[in-house]
Protein chains: 2
Amino acid sequence: MQHVQAPSEHQLAAFRQFNRFYTRQIGVLAESMYRSEFSLTEARVLFELAHKNGLTATALASTLGLDAGYLSRILKKFESRGLLQRTPSADDARQSHLKLTVAGRNTFEPLDRAARELAIAALAPLPPSERETLVEAMTTVERLLGNAPEPRVPYILRPLRVGDVGWITHRQGLLYHQEYGWDETYEALVAQILGEFVRNFDPNAEASWIAERDGKVVGSVFLVRQSEEIAKLRLLYVEPATRGLGIGRRLVDECIAFARSKGYRTLTLWTNDVLASARRIYQAAGFRLVKEEQHRSFGKDLVGQTWELNLQHG
Amino acid sequence: MQHVQAPSEHQLAAFRQFNRFYTRQIGVLAESMYRSEFSLTEARVLFELAHKNGLTATALASTLGLDAGYLSRILKKFESRGLLQRTPSADDARQSHLKLTVAGRNTFEPLDRAARELAIAALAPLPPSERETLVEAMTTVERLLGNAPEPRVPYILRPLRVGDVGWITHRQGLLYHQEYGWDETYEALVAQILGEFVRNFDPNAEASWIAERDGKVVGSVFLVRQSEEIAKLRLLYVEPATRGLGIGRRLVDECIAFARSKGYRTLTLWTNDVLASARRIYQAAGFRLVKEEQHRSFGKDLVGQTWELNLQHG
DNA sequence: TTAATTGCTTGATCCAGTCAAATAAATATT
DNA sequence: AATATTTATTTGACTGGATCAAGCAATTAA
């Protein structure tokens, strides 16, 4: 059962403002097309036709959100001018497949170039770094508003890369601050642990896994050597937005498998009792609570827990 | 002289795709208004009138990008229905100031609520974290495309907050990786330094400054106590996109002033000769190079430099 | 004083876009 | 197999959103 929280006023306001802004923006674009022999809608149709052969009228109408009758007339106009060729569909005599003729492509070309010039004119004044920022932001909007197809692969695991240490520190610091009120010393501890992990990394005895989804880090875990026989799992974390995909469990499983393969006898970890969702994962994976102690850290009174997994009986 | 590089093909494509996408998006919005007694344009006019009193027709036409004649008719319609009141301007008898009547506000209200419902419907399906991402991306697009007024305050300095340590580590790690090819051990070093800084922080002898612009961290510097008489400046960094605003210089100046006020005699720092822009700042601030040594770090052969500033003669 | 510009209005017009009805093919139902 | 329903497309009829150009009065510049 998921409680759906209402969007905040600030979010609604920003969303609506953006729509007003972009309505105007597109008005400007449309205006600049005004002198051409085609309307904005006709140009959109041409664009679709130029980029995809064999479309049917219905498909076209639905991707552009056009009235079927209106589109029909536009297509008729194109055909009468020799820009468009219709081929009756083999398996449905009602439909035909649409394709621009050579003349059609030639007509589209200057239109397309003009649109390109417009885009250049919009981007060129920006410093290069901001161009990239802009494009990224646009992609984000599109992905989130367009009923973005859920990524086929829900997430991938990959090794640590430059930038990850800082990012994970940042997210964990913020997250535990927001959720549990831990202060900046927690983030600092994470930074130190990860810094040391990287600088003293022993590839034969240690490992890390980063879960990535849609190009963004959504989880991670680290396995360090504590002694000849004991490996330690550290800093398991999963982005709240991606909980429920089994990422946490997967990360822990990877750790266990790796530790076992390297001949460790015990996998240990230290956590705090407030971290309930992590605890469930550890329990499910077979860890057993071996020690608890009160401590004051990160600005809070906490109960630290040590969990262990025997790697040999399994 | 600034060389203006052309936008990349990828950027142009993304930009144009977004325009097509949002054209469709706005088409959907307009459609949903179809049954109301006002057209989308009329609704936009109403919105502007509802949110700003005393507008003139020309101002309105230009903010919405409307034809003056068309707007004139719309206003006439509003006035004849008693939604709008025009007050002749005192200092220009050609203009009049526009203001919604009470009836006008009452008419606008359900319209506004409907638009609000639409916004809710668009945002509600997203998980909260993505809502915020979306809104941020929209704001970014708007800022970059709308001839965004440069933020009045180009940047602000603020103390360290939770999340900063990780973020700064992330950015510095990535940046020096991209610009100079340094490997992940540099990021790890930054993490350790910052982690230690926070955990052993002595507010009477140490300090940090975060430069923020538009809500985003764009620079930082840390000052640590090395001994009774020597303070050390560490990890100066400025986002490339915001170079030229004097942020680096400002951060260094803050360090110097703080070190002086705390009675240190010397301010020292360690850097590498490849970091040219930082070096210029140190030189300009009066630092002198006191030592150089070759070393191999971060996967590169580097020349380390120690710079010092005498805090007493100034 | 005259000329040019600006703010707004009005007449004329157009064509983008909507709606409903019609046709023919495909699919579902009996 | 016959009938009903749905789907893809077309066509006729119409509306009203939007543009353009001309015009008027007030303002500003020459």
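Throughout, a chain's letter reflects where its sequence line sits, starting with A, and its residues are numbered from 1.
Between the CG atom of B/Leu66 and the C1' atom of D/dC20 there is a distance of 15 Å, rounded to whole Å. Taking atom CD of B/Gln95 as the reference point, atom C1' of D/dT28 lies 13 Å away to the nearest angstrom. The CD1-P distance, from B/Ile74 to C/dT10, rounds to 14 Å in whole Å. Regarding B/Leu40, its CG atom lies at a distance of 14 Å from the C1' atom of D/dG16, rounded to whole Å. If you take CZ of A/Arg44 and C1' of C/dA16, they are 13 Å apart, rounded to a whole angstrom. In this structure, A/Leu60 atom CG and D/dT7 atom P are separated by 19 Å, rounded to whole Å. Rounded to an integer number of Å, the gap from B/Phe38 CZ to D/dT15 P is 20 Å. Taking atom CG of B/Asp67 as the reference point, atom P of C/dT13 lies 17 Å away to the nearest angstrom.
Using a cut-off of 4.0 Å between Lys/Arg side-chain N and Asp/Glu carboxylate O, A/Lys52 and A/Glu48 are scored as not salt-bridged. Salt-bridge check for A/Glu109 with A/Arg105: failed, with every basic side-chain N at 4.0 Å or more from each acidic carboxylate O. A salt bridge links A/Lys77 with A/Glu42: the closest approach of a Lys/Arg side-chain nitrogen to an acidic carboxylate oxygen falls below 4.0 angstrom. Salt-bridge check for A/Asp253 with A/Arg249: passed, with a basic side-chain N closer than 4.0 Å to an acidic carboxylate O. A salt bridge is defined here as a Lys NZ or Arg NE, NH1 or NH2 lying under 4.0 Å from an Asp or Glu carboxylate O, and B/Arg116 with A/Glu9 meets this definition.
Residue contacts shown for B/Ser39 are limited to sugar-phosphate atoms, with no base heavy atom under 4.0 Å away. Within 4.0 Å of B/Asp92, counting heavy atoms only, lie sugar-phosphate atoms of the nucleic acid but no base atom.
Heavy-atom nearest nucleotides on DNA chain C were determined for A/Asp91 and for A/Leu71, and the one closer to the 5' end corresponds to A/Leu71.
The side-chain heavy atoms of A/His97 and A/Thr56, taken from C-beta on, include a pair separated by under 4.5 Å.
Distances from the side chain of A/Ala93 to the nucleotides D/dT11, C/dA26, C/dC8 place C/dA26 closest. Among the nucleotides D/dA26, C/dA16, C/dC8, the one closest to any side-chain atom of B/Ala57 is C/dC8. Among C/dA16, D/dT19, C/dC8, the nucleotide with an atom closest to any side-chain atom of B/Tyr70 is D/dT19. Checked against C/dC8, D/dT19, C/dG17, the side chain of B/Thr58 finds its nearest nucleotide in C/dC8.
For the OP1/OP2 pair of D/dT10 and a distance below 4.0 Å, the side-chain nitrogens and oxygens of A/Arg86 include at least one atom meeting the criterion. OP1 or OP2 of D/dA18 sits under 4.0 Å from a side-chain N or O of B/Thr41. Phosphate contact (OP1/OP2 of D/dT11, side-chain N/O of A/Lys76, threshold under 4.0 Å): present.
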Any N/O pairs under 3.5 Å between the protein and nucleotides 1-6 of chain C? List them or say none.
residue	atom	partner	partner atom	Å
C/dT6	O2	B/Arg94	NH1	2.1

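Below the 3.5 angstrom threshold, one finds no donor paired with an acceptor across the side chain of B/Arg73 and the base of D/dG16.
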**OP:** Dump the intermediate steps for ring pair (Phe, Tyr, Trp, His ring centres under 6.0 Å) on A/Phe78 and A/Phe108, then the final yes or no.
**Re:** CA-CA 11 Å; A/Phe78 287 169; A/Phe108 174 64; over 10 Å; no
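Between A/His170 and A/Trp167, the two ring planes are tilted [angle within 30° to 60°].
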